[in-house]
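Below, chain A is the first sequence line, B the second, and so on; all start at residue 1. Computed from a predicted model, the values in this text were never measured in an experiment.
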Amino acid sequence: MQQDLVHAIKSNPKYHQLLSKRKAFAWMLAIVMLVIYYGFILIVAFNKEFLGQPLSPGSITTVGIPVGLGVIVSAFVLTGIYVFRANSEFDRLTREIKEEVL
Amino acid sequence: MKIGKNILAALALSLVAGAALAAGDVGEVKKQAVNVTAIIMFLAFVTATLGITYWAAQRTKTAKDFYAAGGGITGFQNGLAIAGDYMSAASFLGISGLVFINGYDGLIYSVGWLVGWPIIMFLMAEQLRNLGKYTYADVVSYRFQRVPMRTMAATGSLVVVILYLIGQMVGAGKLIQVLFGLDYAYAVTSVGILIILYVTFGGMLATTWVQIIKACLLLGGATIIAFGALYVATGGSMSPEALFRRATEIHAKKDALMRPGALVTSPIEAISLGLALMFGTAGLPHILMRFFTVPNATEARKSVFYATGFIGYFYILTFLIGFGAIVLLMPADSGFMVTNAKGVLELKGGQNMAAVNLAQAVGGNLLLGFISAVAFATILAVVSGLTLAGASAISHDLYANVFAHGNVNEQKEVRVSKMATLVLGVIAILLGIAFEQQNVAYMVGLTFAVAASANFPILIMSIFWSKMTTKGALLGGWLGLISSTLFVILGPTVWTDVLKLGDPIFPMKNPALFSMAISFLGIWLGSIMDNSENARQERASFEAQDVRCQTGIGAEGAASH
């Protein structure tokens with residue numbers, strides 16, 4: 001990429017807006033996923049009783065079932081949240097930057 | 001084995017010959033009777049996929065077609081193909097078998113295989129798409145010295161591909177032996193020949209469609225088994241609570257089935273395994289390659305979203321299948337339990353046959369045949385993806401960029417890639433045969449540890465860290481590759497269990513926590529101590545790389561046709 005194009009993009013305020021928004025959003029979601037997964041693993045390691053208690057009095061289904069399935073569903077939901085915002089807001093910003101500099 | 005001009009006929013012949021051989025060979029307990037429904041359904045799958053390969057071959061002319069299906073795959077299609085590339089027969093059979101034996105622990109295990117996907121989405125999917133062309137080595141050599149970086153990335157790719165291939169081929173041979181009553185060597189050879197055909201003639205386009213079809217078949221088949229079993233096991237009420245209650249009444253573990261057991265005993269092992277699964281997924285060359293088949297970052301994101309959904313749904317199904325199997329197969333009078341040599345009652349064919357036996361219990365021989373064919377198709381799809389990734393590392397990275405320094409015409413590069421496919425296919429067959437008697441369960445762990453420690457660190461740092469230099473990347477990458485391999489060999493799984501050399505030298509089964517740390521430390525140390533002129537230039541060129549990475553300006557587009 002030519003140096004002047006790089007500078008044109010880098011001096012565009014929308015570019016910085018895009019970068020800071022996306023970076024904060026992506027890392028926040030990544031950390032949320034890590035916390036959910038490792039939180040689950042740590043509960044499994046240190047508090048098996050919590051996951052083993054019945055979901056409601058008398059039920060055989062334990063708290064662990066919705067929690068485990070919840071981790072799976074959260075992975076899907078988090079990617080969905082990211083795509084929803086990235087494919088609308090971030091893509092729009094990127095398109096505007098391209099229109100302004102190219 | 002002679003291959004005639006009509007390859008399909010030859011293949012059918014080999015299957016029949018193998019079946020005949022197996023029928024006369026009653027000495028082996030594991031081998032099952034010839035399964036005609038399964039063979040017919042499998043031949044239908046093979047015919048359809050060879051038809052697709054023929055169609056794809058007409059459309060595969062340039063290097064971009066061969067490596068990246070012309071960049072014209074949609075996000076939804078790629079999501080299915082990623083799922084098809086990732087969901088192996090081993091995870092389908094292995095995880096449902098784990099649930100069958102351990103209940104809740106199977107769910108804990110399966111979760112680890114999914115959580116790498118969101119991480120790929122947030123940190124890598126669009127970056128890969130914007131910076132790369134055909135292989136992930138394109139990304140890690142973007143602003144660094146081409147020859148050493150490509151050599152290292154290609155080595156990392158090939159090590160992962162070969163290790164993964166061994167596990168897949170041995171699994172394939174054994175599975176086909178059980179499901180189709182086909183001799184091991186014939187099974188492994190059939191797999192090898194088919195993937196050579198798919199990949200050499202149809203390239204990425206054929207591979208993609210084989211993976212898409214396989215994903216649909218596997219998800220469809222697993223759905224039928226899971227909900228069919230839920231229906232039958234609960235007497236039509238379809239209530240999971242009823243399923244769990246019946247299961248705890250039948251299973252020897254009783255209520256303990258519903259809570260975490262012995263799988264996670266050492267938190268540090270669990271954390272280390274979690275790291276390997278999570279970041280190993282983000283370092284698998286055949287998975288990373290799929291991001292170059294879509295036209296832009298928007299579609300790349302969509303593909304991860306769909307893939308995460310399909311893979312997550314698949315793991316939920318394996319959990320249901322495991323519990324369905326407990327209820328319908330585990331009672332001694334179900335007809336699916338046999339007394340083994342030690343006088344213990346066990347599942348016919350072993351615990352990994354839970355899903356397959358359940359298919360028969362729910363849908364008779366028709367569903368059994370269908371699911372057997374699906375399992376074979378699953379292996380073919382995964383092995384094709386691996387072979388294509390390995391061949392691309394050889395032709396695009398080593399041949400075109402290391403040996404020929406980028407001065408090579410496209411046609412020649414594609415020809416080299418096809419030859420590499422042929423060689424890899426033959427190697428896969430030979431490795432499959434060589435490792436027949438070995439326990440290869442540790443291969444998957446090793447693969448993910450290497451991918452997480454060698455490929456992932458240099459990839460993520462080259463995208464995000466402006467101060468990385470060639471020296472740092474090389475130091476960290478090689479250290480990660482060597483340390484992860486050494487730790488696995490010196491660890492309890494290989495040193496003690498496989499080689500039987502006594503107490504392990506490295507205490508942990510899952511070394512990723514340490515080998516990843518070593519790799520990142522190597523990258524950091526090697527980079528900050530590098531004050532060469534090259535290093536200065538590499539740091540300066542981060543700016544341009546980052547602009548392309550963030551905006552996609554200058555990125556590879558879709559082919560015009």
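- Aromatic pair A/Phe76/B/Phe305: centroids less than 6.0 angstrom apart.
- Taking chain B as the reference chain and counting heavy-atom pairs below 4.5 Å, the highest number among A/Val77, A/Asn87, A/Ile97 is found for A/Asn87.
- Looking at B/Glu126, the atoms closer than 4.5 Å to chain A (heavy atoms on both sides) all sit in the side chain, from C-beta outward.
- Heavy atoms only, all atoms of each residue included: A/Ala30 and B/Ile119 are closest at O-CD1, 3.9 Å.
- Residue B/Ile271 touches chain A through both its backbone and its side chain, counting heavy-atom pairs closer than 4.5 Å.
- Contact of A/Leu55 with chain B is not made at all, since no heavy-atom distance falls under 4.5 Å.
- Neither the backbone nor the side chain of A/Ile43 comes within contact range of chain B, judged by heavy atoms closer than 4.5 Å.
- The choice from B/Asp255, B/Thr308, B/Ile316 that makes the most heavy-atom pairs within less than 4.5 Å of chain A is B/Thr308.
- Both the backbone and the side chain of A/Ser59 come within contact range of chain B, each with at least one heavy atom under 4.5 Å from a heavy atom of that chain.
- For the pair A/Val44 and B/Pro260, the tightest heavy-atom approach, listed with the atom from each and the gap, is CG1-CB, 4.0 Å.
- Shown here for B/Pro118 and A/Met33, the closest heavy-atom pair between the two residues is CG-SD, 3.6 Å.
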Task: Candidate pair A/Leu5 and B/Val547, rule side-chain contact (heavy atoms from CB on, under 4.5 Å), full reasoning - done: CA-CA 9 Å; A/Leu5 181 60; B/Val547 167; over 6 Å; no
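- Evaluated for a side chain to side chain contact (heavy atoms under 4.5 Å, CB included) with B/Phe122, the options A/Val32, A/Leu78, A/Ile31 yield exactly one hit, A/Leu78.
- The shortest side-chain heavy-atom distance between A/Ile72 and B/Tyr313 does not fall under the 4.5 Å cut-off.
- Proximity to chain B is limited to the side chain of A/Phe46, based on heavy atoms less than 4.5 angstrom apart.
- Residues B/Glu543 and A/Lys10 meet the side-chain proximity criterion, which asks for heavy atoms closer than 4.5 Å.
- To the nearest 0.5 Å, atoms CZ (A/Arg22) and CD (B/Gln550) are separated by 4.5 Å.
- Residues of residues 63-71 of chain A having a heavy atom under 4.5 Å from any heavy atom of chain B, listed by number: A/Gly64, A/Ile65, A/Gly68, A/Leu69, A/Val71.
- How far CZ of B/Arg246 is from CD1 of A/Ile60: 12.5 Å, rounded to the nearest 0.5 Å.
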TODO: Start with the C-alpha gap between A/Phe40 and B/Ile108, add the side-chain angles, then the distance that decides, and say whether side-chain contact (heavy atoms from CB on, under 4.5 Å) holds.
DONE: CA-CA 9 Å; A/Phe40 177 61; B/Ile108 303 171; 4.2 Å; yes
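- In terms of heavy-atom pairs under 4.5 Å with chain A, the best-connected choice from B/Tyr315, B/Trp117, B/Tyr104, B/Tyr306 is B/Tyr104.
- Separating the CG atom in B/Leu275 from the CG atom in A/Leu34 is a distance of 8.5 Å, to the nearest 0.5 Å.
- Ranked by heavy-atom pairs under 4.5 Å with chain B, the list A/Leu93, A/Val83, A/Val101 is led by A/Val83.
- In B/Lys254, the NZ atom is crowded: over 12 heavy atoms of neighbouring residues, nucleotides or ligands sit closer than 6.0 Å.
- Note: B/Arg301 CZ to A/Phe90 CZ = 8.0 Å, rounded to the nearest 0.5 Å.
- Taking OG1 of A/Thr61 as the start and CD of B/Glu241 as the end, the distance is 3.5 Å to the nearest 0.5 Å.
- At a 4.5 Å heavy-atom cutoff, the contact between B/Phe319 and chain A is made by side-chain atoms alone.
- Side-chain N/O atoms of B/Thr298 and A/Asp91 include a donor and acceptor closer than 3.5 Å.
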TODO: Evaluate the side-chain contact (heavy atoms from CB on, under 4.5 Å) criterion for residues A/Leu19 and B/Asp546: first the C-alpha distance (whole Å), next the side-chain angles of each, then the deciding distance (0.1 Å), finally the verdict.
DONE: CA-CA 10 Å; A/Leu19 249 62; B/Asp546 199 42; 4.2 Å; yes
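- Distance check: B/Leu114 CG to A/Thr79 OG1 gives 8.5 Å after rounding to the nearest 0.5 Å.
- Side-chain N or O atoms of A/Thr62 include one that pairs as donor or acceptor with a backbone N or O of B/Met258 at under 3.5 Å.
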